[in-house]
K.L.:
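Structure below; questions to follow.
Note that the coordinates shown come from a computational prediction; the quantities given were computed from them, not determined experimentally.
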Amino acid sequence: MTAMSGEIDPKQFRTVLGHLPTGVCVVTGVNRNGDKWGITIGSVVSVSLDPPLVGFFPGVGSRSWPEIEQGGGFCVNVLTSSQDELCWRFAKEPADGADRFAGIETTTSRSGMPVLVGTLAQIDCAIESVTPAGDHFFVLGRVRDLTLDAATGEAMVFYKSAVTGVVPPSSR
């Protein structure tokens, strides 16, 4: 970073922010044809308790996000530390004709969104707004339903360019 110009080096930006652990989730939804889509997101945030709102940040170049947006809603599937395969499967844009849901057990939320079986928590939302935010969008969702299965394991986090688990205070 050069203090005089105010320019930020992208590599340093990624390195510094990589030291801020983020939860890892797969956001799922359906397009207007009812086809299932999903994308790995490491930037899901709690926004408001009243009304209950959450947000996340898909990249503007994502092919998956516009498909999910067509359905008017999404489900945040919070990954456990043992779900690396799901993390990386949904992190890469699908190859032509590739079905990233092939071989994965899913159910459907009450609103019709795909739910990945075995995830730590699921947060089903209606899209409230989508706002451009640099090279990403900020998607704000109104929570319709949410579930937690703490018995599935500990949450996955992204830290220093790698996925890992959290160590609960009682385990230290």
Side-chain angles (χ1 to χ4, degrees), residues 8 10-11 13-14 17-18 20-48 51-80 83-148 155-159 161-163:
I8 304 295
K11 184 176 180 183
F13 183 86
R14 289 180 69 104
L17 274 286
L20 175 64
T22 59
V24 182
C25 303
V26 174
V27 172
T28 56
V30 295
N31 65 12
R32 67 176 53 95
N33 298 325
D35 301 322
K36 295 186 281 190
W37 285 81
I39 184 172
T40 299
I41 297 289
S43 53
V44 175
V45 296
S46 171
V47 176
S48 170
L53 301 170
V54 298
F56 71 96
F57 300 88
V60 297
S62 170
R63 291 187 313 223
S64 299
W65 165 242
E67 297 291 331
I68 294 169
E69 185 178 20
Q70 291 174 17
F74 58 89
C75 184
V76 176
N77 297 267
V78 180
L79 299 183
T80 68
Q83 293 179 312
D84 299 39
E85 194 274 329
L86 283 177
C87 170
W88 299 118
R89 178 187 287 224
F90 287 94
K92 295 181 170 65
E93 289 291 344
D96 292 338
D99 178 6
R100 290 189 282 183
F101 288 87
I104 297 175
E105 187 178 355
T106 63
T107 60
T108 305
S109 71
R110 286 190 274 179
S111 69
M113 298 298 113
V115 173
L116 303 176
V117 172
T119 53
L120 176 62
Q122 304 80 37
I123 308 165
D124 185 64
C125 301
I127 296 172
E128 188 85 3
S129 65
V130 179
T131 307
D135 58 2
H136 284 70
F137 294 106
F138 173 58
V139 178
L140 184 64
R142 183 177 293 259
V143 178
R144 299 184 278 214
D145 194 21
L146 63 166
T147 57
L148 171 68
M156 177 184 289
V157 295
F158 188 74
Y159 180 65
S161 301
V163 292

K.L.:
So how far is it from M113 CE to I123 CD1, rounded to the nearest 0.5 Å?
P.N.:
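The CE atom of M113 sits 15.0 Å away from the CD1 atom of I123.
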
K.L.:
With sequence neighbours left out, write down each residue that passes side chain to side chain contact (heavy atoms under 4.5 Å, CB included) with C25, or none if nothing qualifies.
P.N.:
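Result, side chain to side chain contact (heavy atoms under 4.5 Å, CB included) vs C25: V44, V76, V78.
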
K.L.:
Using salt bridge (Lys or Arg N to Asp or Glu O under 4.0 Å) as the criterion, list what pairs up with R110, not counting sequence neighbours.
P.N.:
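Applying salt bridge (Lys or Arg N to Asp or Glu O under 4.0 Å) to R110 gives D145.
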
K.L.:
Would you check, one step at a time, whether the test side-chain contact (heavy atoms from CB on, under 4.5 Å) holds for T119 with Q83?
P.N.:
CA-CA 8 Å; T119 53; Q83 293 179 312; 3.8 Å; yes

K.L.:
I'd like to know if the side chain of N31 reaches the main chain of N33, judged simply by a donor and an acceptor atom lying under 3.5 Å from each other, with no hydrogens or angles considered.
P.N.:
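A pair under 3.5 Å: yes.
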
K.L.:
Is the backbone N or O of K92 less than 3.5 Å from a side-chain atom of R100, with the two atoms forming a donor-acceptor pair by type?
P.N.:
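Here the side-chain-to-backbone pair exists.
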
K.L.:
Which value, rounded to the nearest 0.5 Å, describes the distance between T40 atom OG1 and L79 atom CG?
P.N.:
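It comes to 6.5 Å.
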
K.L.:
Write out all pairs satisfying side chain to side chain donor-acceptor pair (under 3.5 Å) with one or both partners inside residues 131-140, taking only residues at least two apart or from two chains.
P.N.:
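Every candidate side chain to side chain donor-acceptor pair (under 3.5 Å) pair involving residues 131-140 fails, so no pair, neighbours aside, qualifies.
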
K.L.:
Tell me the closest heavy-atom pair linking A121 and L148, and the distance in Å.
P.N.:
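Scanning both residues, the minimum pair turns out to be CB-CD1, 4.1 Å.
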
K.L.:
Is a donor on one side and an acceptor on the other found under 3.5 Å between the side chain of E128 and the backbone of L140?
P.N.:
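No, the answer is negative, given that no donor and acceptor are paired below the 3.5 Å cut-off.
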
K.L.:
Can you tell me if N77 uses its side chain to pair, donor with acceptor, with the backbone of C75 under 3.5 Å?
P.N.:
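Yes.
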
K.L.:
Under the criterion side-chain contact (heavy atoms from CB on, under 4.5 Å), I'd like the reasoning laid out for V54 against V45: C-alpha separation, chi angles, the key distance, then a yes or no.
P.N.:
CA-CA 6 Å; V54 298; V45 296; over 6 Å; no

K.L.:
Between S62 and P66, what is the shortest heavy-atom contact and its length?
P.N.:
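Closest heavy-atom pair between S62 and P66: O-CD, 3.1 Å.
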
K.L.:
Assess the residue pair F57 and I41 against the criterion (side-chain contact (heavy atoms from CB on, under 4.5 Å)); give the C-alpha distance rounded to whole Å, side-chain angles, the decisive distance to 0.1 Å, and a yes or no.
P.N.:
CA-CA 7 Å; F57 300 88; I41 297 289; 5.9 Å; no

K.L.:
Applying side chain to side chain contact (heavy atoms under 4.5 Å, CB included), can you list everything that pairs with A126, at least two apart in sequence or on another chain?
P.N.:
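Side chain to side chain contact (heavy atoms under 4.5 Å, CB included) list for A126, sorted by chain: R144.
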
K.L.:
Specify the closest pair of heavy atoms between S64 and G38, including all atoms of both residues, with the distance to one decimal.
P.N.:
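Scanning both residues, the minimum pair turns out to be OG-O, 3.7 Å.
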
K.L.:
Looking at P114, is its backbone amide N or carbonyl O close enough to the side chain of T28 to form a donor-acceptor pair, meaning the two atoms are under 3.5 Å apart?
P.N.:
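Yes; at least one donor-acceptor contact below 3.5 Å.
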
K.L.:
Listed by chain and number, what are the ring pair (Phe, Tyr, Trp, His ring centres under 6.0 Å) partners of F90, not counting sequence neighbours?
P.N.:
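For F90, the residues satisfying ring pair (Phe, Tyr, Trp, His ring centres under 6.0 Å) (neighbours in sequence not counted) are F101.
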
K.L.:
Please give me the minimum heavy-atom distance between G118 and T80, naming the atom from each residue.
P.N.:
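Here G118 and T80 meet closest at O-CG2, 4.1 Å.
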
K.L.:
Identify the residue among F137, F138, W65 that makes a ring pair (Phe, Tyr, Trp, His ring centres under 6.0 Å) with F56.
P.N.:
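Only one of F137, F138, W65 forms a ring pair (Phe, Tyr, Trp, His ring centres under 6.0 Å) with F56, namely W65.
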
K.L.:
Taking side chain as C-beta onward, heavy atoms only, is V27 less than 4.5 Å from P58?
P.N.:
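Sidechains of P58 and V27: no contact.
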
K.L.:
side-chain contact (heavy atoms from CB on, under 4.5 Å) for C87 and M156? Distances and angles first, verdict last.
P.N.:
CA-CA 9 Å; C87 170; M156 177 184 289; 3.9 Å; yes

K.L.:
I'd like to check the salt bridge (Lys or Arg N to Asp or Glu O under 4.0 Å) partners of E105; sequence neighbours left out, ordered by chain and number.
P.N.:
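So E105 forms no salt bridge (Lys or Arg N to Asp or Glu O under 4.0 Å) with any residue.
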
K.L.:
Can you find a pair of side-chain heavy atoms, one from L53 and one from V143, that are under 4.5 Å apart?
P.N.:
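No, side chains not in contact.
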
